[in-house]
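Take a look at the structure set out below.
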2 protein chains.
Amino acid sequence: MGRKRTKSGKIRLAEVAELAGVSPITASRFFRNPEALSVAKRTRVESAAKELGYVPNLAARALASQRTEVIGVLIPSLTNNVFSDVLRGIYDASEGSRYSIQLSNTRYSILQEEKLLRLFLAQKPAGLIVTGIDQTAESRAMLQAADCPIVQIMEIGPDPVDMMIGFSHYDAARAAIAHLFEQGHRKVGFVGARMDPRVQRRLDGYVSAMKDAGSFDQRLVVTTATPTSVTLGGALFTDLLAREPDIDAVFCANDDLALGVLFECRRREIAVPGQIAIVGFNDLEFMAAAVPTLTSVRTNRYEMGKTAATMLIDAIEGRRPEQPVLDLGFKVIERQSSSARRSDSRPAVSAAGAANKMIALPSSHD
Amino acid sequence: MGRKRTKSGKIRLAEVAELAGVSPITASRFFRNPEALSVAKRTRVESAAKELGYVPNLAARALASQRTEVIGVLIPSLTNNVFSDVLRGIYDASEGSRYSIQLSNTRYSILQEEKLLRLFLAQKPAGLIVTGIDQTAESRAMLQAADCPIVQIMEIGPDPVDMMIGFSHYDAARAAIAHLFEQGHRKVGFVGARMDPRVQRRLDGYVSAMKDAGSFDQRLVVTTATPTSVTLGGALFTDLLAREPDIDAVFCANDDLALGVLFECRRREIAVPGQIAIVGFNDLEFMAAAVPTLTSVRTNRYEMGKTAATMLIDAIEGRRPEQPVLDLGFKVIERQSSSARRSDSRPAVSAAGAANKMIALPSSHD
DNA sequence: AGGAACGTTGACAGCGCTACCAGCAACGAC
DNA sequence: GTCGTTGCTGGTAGCGCTGTCAACGTTCCT
């Protein structure tokens with residue numbers, strides 16, 4: 001009877017055990033591995049816990065068990081729509097599990113990422129989700145040495161640290177360009193912002209596709225390190241036009257830029273797709289609502305987050321996936337903005353319903 | 001010498017203390033209240049910690065001190081742009097502090113919020129940020145009873161639980177309508193989605209302004225419980241037009257809807273603002289880039305999040321703000337989409353509205 | 001029947017840190 | 001000189017839980 005009972009009605013495991021008529025350790029087991037208890041004790045502990053409104057003390061649990069039930073998530077941006085979809089998937093998957101999400105923002109800096117990684121690892125997380133495959137050597141070493149499962153998301157590549165889920169931005173960009181060529185467009189510009197590694201790989205895909213077609217010209221590429229925005233799309237497009245007035249299509253590294261290009265075309269009274277075709281990337285919701293509807297490359301962001309968290313939790317609990325690297329693929333969603341060249345110069349003003357009819361069409365991939 | 005040293009080179013406070021030649025408790029104090037140490041010991045502990053690469057064990061700290069350094073954040077949506085800006089502010093403010101953010105998504109359900117609140121409170125957070133002022137009675141009681149600072153964000157109202165930061169959605173909507181009236185628009189429709197409490201209060205503001213002008217008609221209001229989207233903006237506007245073909249303006253409860261209305265106008269070849277004026281809400285980035293540029297009500301979302309977290313941390317550390325309720329106000333950003341009915345007049349600069357916080361900006365561009 | 005194997009339960013000893021209080025030196029007030 | 005007072009330091013005793021291992025009863029096998 002060493003310990004005095006805590007004054008306020010604070011419910012500890014000991015209280016639950018007492019009410020249930022079992023030892024504290026048995027009650028403890030109930031919460032971690034109910035199957036290990038006999039049915040009789042299990043129900044007794046269960047009802048005792050419910051009656052007292054017991055909530056386990058996570059700090060004590062973490063201290064005693066030498067591990068936490070925290071999943072660390074490192075993403076480069078909180079405001080980018082792409083990541084908010086991924087995050088939603090992660091949070092949805094973690095809900096109902098015992099794990100909680102600890103989120104940190106690397107702001108597209110791999111040095112910041114390294115710093116945060118060190119911080120996270122020191123707290124022995126149950127698992128880790130990191131963005132992309134471009135880490136510092138030091139970060140990579142820490143990840144390799146970490147004794148928890150790790151999922152890299154957003155893209156796939158060689159040498160996964162552990163698990164990996166994403167798609168090939170390179171292939172996706174190539175598919176977008178292939179689509180434009182199929183529609184008869186030849187002089188295709190590239191507009192990109194931020195130029196993080198994934199955007200860079202989209203650019204690489206664009207370059208390779210253009211070179212394959214014998215159409216590559218460095219002057220067709222306009223990029224900036226500035227963070228992306230709709231306004232920026234218009235500005236970059238303006239630059240592109242000043243350099244190469246006779247382009248017939250623009251591949252935008254993301255949808256915000258594509259929307260900016262569309263507005264800039266409207267401002268300049270350039271017909272889309274009559275004079276210039278537009279293709280975006282990610283297929284955000286507004287792409288299907290725009291006039292004309294905007295072609296984009298659909299990426300499965302929500303699913304990516306959800307699957308990543310699910311894989312991670314499974315791995316934490318010892319159920320490692322048969323497939324540690326998962327390619328979620330992409331789809332080129334063909335819409336009005338990239339339709340064949342010969343169409344008249346007015347944008348197709350069609351019945352509201354017709355716009356979304358073009359959805360579908362898996363491409364070279366997936 | 002009771003305890004054996006942990007086998008692997010795990011650095012505990014005891015190791016730091018030993019190297020520094022002080023007792024563990026003195027080393028502990030160094031991390032919590034360095035000023036309490038003599039300068040000599042302070043520097044000794046500091047260099048010892050650095051030399052060993054000591055990282056405190058947060059679980060042990062939380063267990064021993066009976067409190068955590070976690071700030072709980074409850075928001076209704078992870079994908080809504082509005083909240084991602086707020087979140088960014090919160091994360092930015094928490095960075096560099098000792099506090100970490102624990103985020104949960106209520107999905108616009110106050111029952112879910114209550115459940116999450118119970119979960120959070122059980123872990124004794126250092127502070128709490130909750131969205132809005134509409135909680136269940138039970139939630140409110142828990143918040144009142146919580147022994148940590150609490151900030152309600154996104155809006156202001158009577159009876160703050162503790163601290164509060166936001167603005168009046170009601171006044172903001174009234175200001176938007178006042179602006180439309182100043183520009184000569186009379187038959188103003190309302191388009192709203194999701195209809196969460198804050199959107200509802202925007203609707204209330206709209207209704208009151210319209211009634212003041214003697215122009216209110218229930219048929220001018222089109223709403224749905226469906227989550228918002230650009231596409232939905234077009235659909236709701238279509239409904240509105242079918243009911244009231246001769247409206248001359250639309251006030252949209254958010255910018256996504258406004259963009260959808262703009263596209264729908266384009267699809268139907270309705271001139272904006274010639275035939276129909278459009279006003280949105282929140283002033284997302286794309287509003288200034290659209291063609292025509294779209295008028296909106298600017299809200300200080302990033303600042304709201306940042307200030308909320310800063311106030312909260314200050315309160316946790318005993319520096320309570322002199323002003324527990326902070327009204328961040330709003331601004332009607334006047335752009336082309338709402339300019340005066342006659343085509344030759346340019347957007348006017350006006351100081352409209354009831355709220356003294358409100359400042360109308362000149363503009364058409366940002 | 002005897003023993004092994006299994007399933008179930010409990011006792012004990014911490015996990016790494018901090019709250020609390022006691023101790024000690026240095027200093028000023030009387 | 002004595003007494004408090006202040007500033008700094010250390011010892012003790014947990015915080016609430018779980019890992020480990022031992023002990024027990026039961027079942028199954030030979």
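Each chain gets a letter, A, B and so on, in the order the sequences are listed, and its residues count up from 1.
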Could you check whether the rings of A/Tyr54 and A/Phe31 sit parallel, tilted or perpendicular, using 30° and 60° as the cut-offs?
-> tilted

Roughly, in whole Å, what's the span from [atom1] in [X] to [atom2] in [N]?
| X | N | atom1 | atom2 | result |
| --- | --- | --- | --- | --- |
| B/Leu63 | C/dG14 | CG | C1' | 12 Å |
| A/Arg44 | C/dT8 | CZ | P | 15 Å |
| B/Ile25 | C/dA19 | CD1 | P | 7 Å |
| B/Asn57 | D/dG16 | CG | C1' | 14 Å |
| A/Phe30 | C/dT8 | CZ | P | 15 Å |
| B/Ile11 | C/dG16 | CD1 | P | 11 Å |
| A/Gln123 | C/dC17 | CD | P | 10 Å |
| A/Arg61 | D/dT18 | CZ | P | 5 Å |

State, without any angle test, whether A/Glu114 and A/Thr136 hold a side-chain donor-acceptor pair at a distance under 3.5 Å.
->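 Yes - a donor-acceptor pair under 3.5 Å links their side chains.
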
Under 4.0 Å between a side-chain N or O of [X] and OP1 or OP2 of [N]?
| X | N | result |
| --- | --- | --- |
| B/Tyr54 | C/dG16 | no |
| B/Arg32 | C/dA19 | yes |
| B/Gln66 | D/dG16 | yes |
| B/Ser28 | C/dT18 | yes |
| A/Ser23 | C/dA11 | no |
| B/Ser38 | D/dT9 | yes |
| B/Ser65 | C/dT18 | no |

Quick one: label A/Ala59 by what it contacts on the DNA or RNA (base, sugar-phosphate, nothing), any heavy atom closer than 4.0 Å.
-> nothing

Consider the side chain of [X], meaning its heavy atoms from C-beta on, and name the nucleotide among [options] that approaches it most closely.
| X | options | result |
| --- | --- | --- |
| A/Arg12 | C/dC17, D/dG16, D/dT20 | D/dG16 |
| A/Leu13 | D/dG19, D/dC17, C/dG16 | D/dC17 |
| A/Arg67 | D/dG16, D/dG19, D/dT9 | D/dG19 |
| A/Ala64 | D/dC17, C/dA19, D/dT9 | D/dC17 |

Salt-bridge test for A/Glu113 and A/Arg107: reply yes if a basic N is under 4.0 Å from a carboxylate O, no otherwise.
-> no

Do other residues, nucleotides or ligands put more than 12 heavy atoms under 6.0 Å from A/Asn33 CG?
->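 Atom CG in A/Asn33 is crowded, with more than 12 foreign heavy atoms closer than 6.0 Å.
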
Are more than 12 heavy atoms from other residues, nucleotides or ligands located less than 6.0 Å from atom CZ of B/Arg67?
->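 Atom CZ in B/Arg67 is not packed in, count stays at 12 or less.
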
5'-most by nearest nucleotide on DNA chain C - A/Thr26 or B/Ala27 |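 The residue whose closest nucleotide sits nearer the 5' end is A/Thr26.
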
side-chain contact (heavy atoms from CB on, under 4.5 Å) with A/Leu328: which of A/Asn300, A/Ile153, A/Ile156?
-> A/Asn300

May I ask you to verify whether the side chain of A/Arg29 and the base of D/dG19 hold a donor-acceptor pair under 3.5 Å?
-> no

Residue mapping more 5' on DNA chain D - nearest nucleotide basis, B/Ala60 or B/Glu35 =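 Here B/Glu35 is the residue nearer the 5' end.
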
